[in-house]
Visitor: 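Mind having a look at this structure? Questions to follow.
Per chain, numbering begins at 1; letters A, B, ... match sequence-line order.
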2 protein chains.
Amino acid sequence: MANREYHQYCGLSRAAEVVGQRWMLLILRDLTVGPRRYSDLVAGLPGIPTNLLSTRLKELEGDGLVVREVRRGADRSVVYGLTARGLALMPALDALSLWGAGELREPREGEIVTEASLVSGLRVAAGAGSRPGRDAVFVVHVGDATAHVLVRDGEVTVVPGDHGSPDLRITAGPRFRDFLAGAVSPQEAVAEGIVGLEGDASLLDDIAAAFVVPYADS
Amino acid sequence: MANREYHQYCGLSRAAEVVGQRWMLLILRDLTVGPRRYSDLVAGLPGIPTNLLSTRLKELEGDGLVVREVRRGADRSVVYGLTARGLALMPALDALSLWGAGELREPREGEIVTEASLVSGLRVAAGAGSRPGRDAVFVVHVGDATAHVLVRDGEVTVVPGDHGSPDLRITAGPRFRDFLAGAVSPQEAVAEGIVGLEGDASLLDDIAAAFVVPYADS
DNA sequence: CGGGATCCCCCGAGATACTG
DNA sequence: CAGTATCTCGGGGGATCCCG
């Protein structure tokens, strides 16, 4: 790669110069869930070489997708956040997520679910499902990752972490993906222990309708 | 890249394993405009090493995105085409194109417009513009690339090549991009020679309304 | 001539250690 | 915590060659 260019005057080649590099898509995805510290990113990107993350963040900063902000205060931590231009990539990232999820079945050996992937996965699922009816607050645990889901006036907001007092707390493993595909009904999911519930169990039907990630037809 | 995996159980990492490799996005984009021979792909991807194209096509075939078909007949040519799974990537590719086009201004030194980029660019522009009113047939020339645009019942179809007898033939250079952004009005485009017209010049207003590729706000 | 395969070189990616 | 420094290794770039 003498340089990362493609010598074509077109939008896709410009996009490819950014997202067509190793780790870029996942770095950007992690930043779509909110500003992140360097160590947050390292933790959320298992296996990334630290020097490569450093390089990528500089490239993103140079391209105007990311801003590096040194927090002044007790902790002088460094936080990376997306600019408007970076945020504008979200529809494309979500389209790619939806496509890639189509072939997601059994996890491969050693694969984990990160917090950013859970949050963005639920965001994508909300976009592909029907508009939710009842307002509610959910907390979803998959592996070590936790997401906080707010449903209000038919709008869905997903943020990382556990911010307490949900109407329903869901604890699941990788087979939660089969549930989101509709391959496992809410009743089956409970009966087979795919999901553990704490709270108003009837809300699980709402989740099944409003959060959908279909399998690729094949 | 020990392997191309990311050790995350999520759709985006699966997509990144395919799309996050050099040249992959452009290869897939070229195939979205229709089945292509090896030499067509080489011609449409300036600078791609032939061995790398060969490798990528095998990967895509192995991933089920591409089928390699040996045409039986007078010419035993080999044709590569997208499977349904490959075609399902088109919305994501178009979203990336639209995003990348946001910062397209002056062409860089040595950049060209390929046929696939013109066709897919117009396809993306049709998706972002308003629904066209009058039925019409256009032929668009930009550089050496030619696209054939059919507007019928508000639906737009764009195919490569010149299939004759258009209602309007448009010949333009890279500044056609400014026209698609709305930065240059149809009148200005004609007055400044950005577009050359042959046929029903009043149809240029229809094009301006129906084909839009906005600039990134910055 | 279309459709590749083979070669070498070099840069980018991975891993680890270390530092402000 | 937030990177930088250094090393190794494999994949990409580029040219050339090959085969039906």
Visitor: Can B:T32 and B:R123 be said to form a side-chain hydrogen bond (donor to acceptor under 3.5 Å, both in side chains), step by step?
Guide: CA-CA 11 Å; B:T32 63; B:R123 184 180 71 209; 3.2 Å; yes

Visitor: One pair to check against side chain to side chain contact (heavy atoms under 4.5 Å, CB included): A:D63 and A:V18. What are the steps and the verdict?
Guide: CA-CA 8 Å; A:D63 292 339; A:V18 176; 3.9 Å; yes

Visitor: Take atom NE2 of A:H7 and atom P of D:dG12, then tell me their distance rounded to the nearest Å.
Guide: 17 Å

Visitor: Within this structure, what is the CD-to-P distance between A:Q21 and C:dG12, rounded to whole angstrom?
Guide: 9 Å

Visitor: Counting just side-chain N and O atoms, does B:R22 come under 4.0 Å of either OP1 or OP2 of D:dG13?
Guide: yes

Visitor: Let me know the distance between CG of B:L26 and P of D:dG13, rounded to the nearest Å.
Guide: 12 Å

Visitor: So which atom in B:P160 and which in B:V33 form the shortest heavy-atom distance, rounded to 0.1 Å?
Guide: CD-O, 4.0 Å

Visitor: When you measure from the side-chain N and O atoms of A:Y38 to the phosphate of D:dT4, is any distance below 4.0 Å, counting only OP1 and OP2?
Guide: no

Visitor: Near DNA chain C, which residues from residues 48-60 of chain B have a heavy atom under 4.0 Å away?
Guide: B:T50, B:N51, B:S54, B:K58

Visitor: Any idea how B:Y80 and B:Y38 line up, ring-wise: parallel (<30°), tilted (30 to 60°), or perpendicular (>60°)?
Guide: tilted

Visitor: Quick one: on DNA chain D, does B:G47 or A:S39 contact a more 5' nucleotide (nearest heavy atom)?
Guide: A:S39

Visitor: Quick one: A:E17 CD to C:dG12 P, roughly how many Å, whole number?
Guide: 14 Å

Visitor: Test the A:R85-B:W99 pair against the cation-pi criterion, namely NZ or CZ under 6.0 angstrom from the six-membered ring centroid and within 45° of the ring axis.
Guide: yes

Visitor: Once you round it to whole Å, what is the distance between C1' of D:dG12 and CZ of B:R4?
Guide: 16 Å

Visitor: Compute both the distance and the angle, then confirm whether B:R22 meets the cation-pi test with A:Y6: under 6.0 Å from the six-membered ring centre, within 45 degrees of the axis.
Guide: yes

Visitor: Roughly how many Å is it from CG in A:D40 to P in D:dC1, rounded to a whole number?
Guide: 9 Å

Visitor: Are there more than 12 heavy atoms of other residues, nucleotides or ligands under 6.0 Å from atom CD of A:E192?
Guide: yes

Visitor: Take the protein atom CD of B:E5 and the nucleotide atom C1' of C:dG14, then report the distance between them rounded to whole Å.
Guide: 15 Å

Visitor: Would you tell me if any nitrogen or oxygen in the side chain of B:Y80 comes within less than 4.0 Å of OP1 or OP2 on C:dG4?
Guide: yes

Visitor: Can you measure B:L45 atom CG to D:dG14 atom C1' for me and round it to whole angstrom units?
Guide: 16 Å

Visitor: Please tell me if B:R36 has a side-chain N or O lying less than 4.0 Å from either OP1 or OP2 of C:dG3.
Guide: no

Visitor: Strictly below 4.0 Å: does A:R68 bring a side-chain N or O up to OP1 or OP2 of D:dG3?
Guide: yes

